[in-house]
Amino acid sequence: MSKTKVKLLLNYDGSQFAGWQRQKDGSVTIQETVEKVLSKIFNEPVKIIGASRTDAGVHALGQVAHFVAPKDPSNYKLRRGMNALLPESVVVRDAWLAPE
């Protein structure tokens, strides 16, 4: 089976984050936080790509990102599972299969 691309729609309060993009200095970012949760769900590393970036402390309503699922995503309740594992400041509003 080919790997499937999944699109995410996220809201977040960026007050406690160093922006969207992973930082070399180890600062906590939205991207890193979401990747850790997805990696835990799929039990292997998952990298996500955001449609745009935000600076430190910036909030987002409707941030779009995608990732390639290492396993069939239909076997997981992604939105529910992610929201259970993410901090309250990050919410997955929707998750759906995306065309390649």
Side-chain angles (χ1 to χ4, degrees):
M1 180 183 107
S2 64
K3 295 187 179 187
T4 304
K5 187 184 288 187
V6 177
K7 186 174 173 181
L8 301 173
L9 186 63
L10 306 163
N11 288 357
Y12 54 86
D13 177 335
S15 299
Q16 303 300 313
F17 296 94
W20 167 267
Q21 190 172 15
R22 183 180 290 277
Q23 301 293 313
K24 291 181 182 179
D25 68 2
S27 298
V28 179
T29 65
I30 301 294
Q31 180 181 21
E32 173 192 18
T33 302
V34 174
E35 286 177 347
K36 283 182 179 179
V37 165
L38 286 169
S39 296
K40 184 173 185 173
I41 288 171
F42 287 106
N43 200 31
E44 60 184 277
V46 175
K47 300 292 182 194
I48 63 171
I49 299 171
S52 64
R53 299 185 305 196
T54 55
D55 291 329
V58 173
H59 315 312
L61 295 174
Q63 169 79 23
V64 177
H66 78 273
F67 68 96
V68 175
K71 299 175 184 165
D72 183 358
S74 64
N75 293 329
Y76 303 86
K77 295 181 180 177
L78 281 179
R79 187 176 63 82
R80 176 187 263 175
M82 290 179 71
N83 284 331
L85 296 171
L86 285 165
E88 288 184 10
S89 56
V90 182
V91 176
V92 178
R93 288 181 36 204
D94 207 351
W96 62 95
L97 300 182
E100 287 190 35

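- Every pair passing side chain to side chain donor-acceptor pair (under 3.5 Å) that includes a residue from residues 24-34 is listed here, sequence neighbours excluded: D25-S27, Q31-E35, E32-K36.
- The side-chain heavy atoms of K40 and L85, taken from C-beta on, include a pair separated by under 4.5 Å.
- Within 6.0 Å of CD on Q16 lie no more than 12 heavy atoms contributed by other residues, nucleotides or ligands.
- Side-chain contact between R79 and L8 is absent, with no heavy-atom pair separated by less than 4.5 Å.
- Between T54 and Y12, the closest side-chain pair of non-hydrogen atoms falls below 4.5 Å.
- Judged by distance alone, the side chain of Q63 and the main-chain N or O of G50 form no donor-acceptor pair under 3.5 Å.
- With H66 contributing its side chain and V6 its backbone, the two residues share no donor-acceptor pair below 3.5 Å.
- No donor-acceptor distance shorter than 3.5 angstrom exists from the side chain of Q21 to the backbone of G19, with no hydrogens or angles considered.
- Residues I49 and W20 come closest through the heavy atom pair C-CZ2, 4.4 Å.
- You'll find the side chain of I48 reaches within 4.5 Å of the side chain of L38, heavy atoms only.
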Residues K71, N43; criterion side chain to side chain contact (heavy atoms under 4.5 Å, CB included); working and verdict | CA-CA 9 Å; K71 299 175 184 165; N43 200 31; 4.0 Å; yes

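- Residue pairs meeting the ring pair (Phe, Tyr, Trp, His ring centres under 6.0 Å) criterion with at least one member in residues 69-100, sequence neighbours excluded: F42-Y76.
- Taking all atoms of both residues into account, the shortest heavy-atom contact from S89 to F17 is OG-CE1, 3.4 Å.
- Heavy atoms of other residues, nucleotides or ligands lying less than 6.0 angstrom from CD of E44 number more than 12.
- With rounding to the nearest 0.5 Å, the separation of CG in N75 from CD1 in I41 is 13.0 Å.
- With hydrogens and angles ignored, the 3.5 Å screen pairs a side-chain donor or acceptor of N83 with a backbone N or O of V92.
- What you find for V46 and S39 is that their closest heavy atoms are N-OG, 2.9 Å.
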